[in-house]
Amino acid sequence: MIMSFLLPKLSSKRDVDHAIKTTAEVVLVLRFGRDDDSVCLQLDDILAKTSHDLSKMAAIYIVDVDKVPVYRQYFDISYIPSTVFFFNGQHMKVDYGSPDHTKFVGSFKTKQDFIDLIEVIYRGAMRGKLIVQSPIDPKNIPKYDLLYQGV
């Protein structure tokens, strides 16, 4: 069973723009990737299984990286999957202990890691923060230079 079918898809720049502009008071989660990529499918499985529990805090969408080149460029997506977070139209940055605070690259190791991250982003955003500290154990954060081939 492919979990991506359970998550809403955005397949154009207009769809993504609309989600960013209209998603209010919850964390907007945009997973950039491809449906046929095994790591994307692994991540989608985690996203799909947590989307119900997180529905009061997050709206989760999957985005086909090939259909939104302007966003691929904007977020400098060279590895997939890459997950980007927004709150009330603002790009939320997360300090994962790596140089890139703009996105999470790879899949989360556990559902709990993803849930913890959303809670931290949500609470930080509600307090007006634009950057939060990742709650995820650094051991669980993929070192993507070794793991992922380029888009």
Distance in Å, [X] [atom1] paired with [Y] [atom2], rounded so as to fall on 0.5 Å steps:
X: D100; Y: Y79; atom1: CG; atom2: OH; value: 11.0 Å
X: S98; Y: K103; atom1: OG; atom2: NZ; value: 9.0 Å
X: K49; Y: L7; atom1: NZ; atom2: CG; value: 11.5 Å
X: L41; Y: I46; atom1: CG; atom2: CD1; value: 12.0 Å

Which atom pair, heavy atoms only, marks the closest approach of [X] to [Y]?
X: V26; Y: T23; value: CG2-CG2, 3.5 Å
X: S107; Y: P81; value: N-CG, 4.4 Å
X: R31; Y: D35; value: NH2-OD1, 3.5 Å
X: P142; Y: G106; value: CG-CA, 4.2 Å

For [X], what residues pass the side chain to side chain contact (heavy atoms under 4.5 Å, CB included) criterion, not counting sequence neighbours?
X: D64; value: D66, K67
X: R14; value: S12
X: V16; value: L10, I20, L30, V63, V68, Y71

Salt bridge (charged side-chain N to carboxylate O under 4.0 Å, His left out) partners of D137, counting only residues at least two apart: K139
What residues form a salt bridge (charged side-chain N to carboxylate O under 4.0 Å, His left out) with K13, not counting sequence neighbours? D17
Report yes if some heavy atom in the side chain of [X] is under 4.5 Å from a heavy atom in the side chain of [Y]; otherwise report no.
X: M92; Y: V27; answer: no
X: I80; Y: V39; answer: no
X: F114; Y: L47; answer: yes

ring-ring contact (aromatic ring centres under 6.0 Å, His included) against F85, all qualifying residues, sequence neighbours excluded: none
Test: ring pair (Phe, Tyr, Trp, His ring centres under 6.0 Å). Region: residues 41-69. Which pairs qualify, not counting sequence neighbours? none
Sort and list the pairs that fulfil side chain to side chain donor-acceptor pair (under 3.5 Å) and have at least one residue in residues 80-93, not counting sequence neighbours. E25-N88
D116: partners by side-chain hydrogen bond (donor to acceptor under 3.5 Å, both in side chains), with sequence neighbours left out: Q112
Among all residues two or more places apart in sequence or in another chain, which pass the side-chain hydrogen bond (donor to acceptor under 3.5 Å, both in side chains) test with S55? none
Which donor-acceptor pairs under 3.5 Å do side chains of residues 118-135 form with protein atoms, sequence neighbours excluded?
unit_1	atom_1	unit_2	atom_2	d
S134	OG	I136	N	3.1

Apply side-chain contact (heavy atoms from CB on, under 4.5 Å) to residues T102 and Y74 and explain how you reach the verdict. CA-CA 10 Å; T102 61; Y74 182 75; over 6 Å; no
Going only through I, L, V, M, F, W and Y residues with side-chain contacts under 4.5 Å, is there a path from V29 to F108? yes
Quick check: is I60 connected to F87 through a chain of hydrophobic side chains (ILVMFWY, heavy atoms under 4.5 Å apart)? yes
Look at the aromatic rings of F75 and F32 and report parallel, tilted or perpendicular, splitting at 30° and 60°. tilted
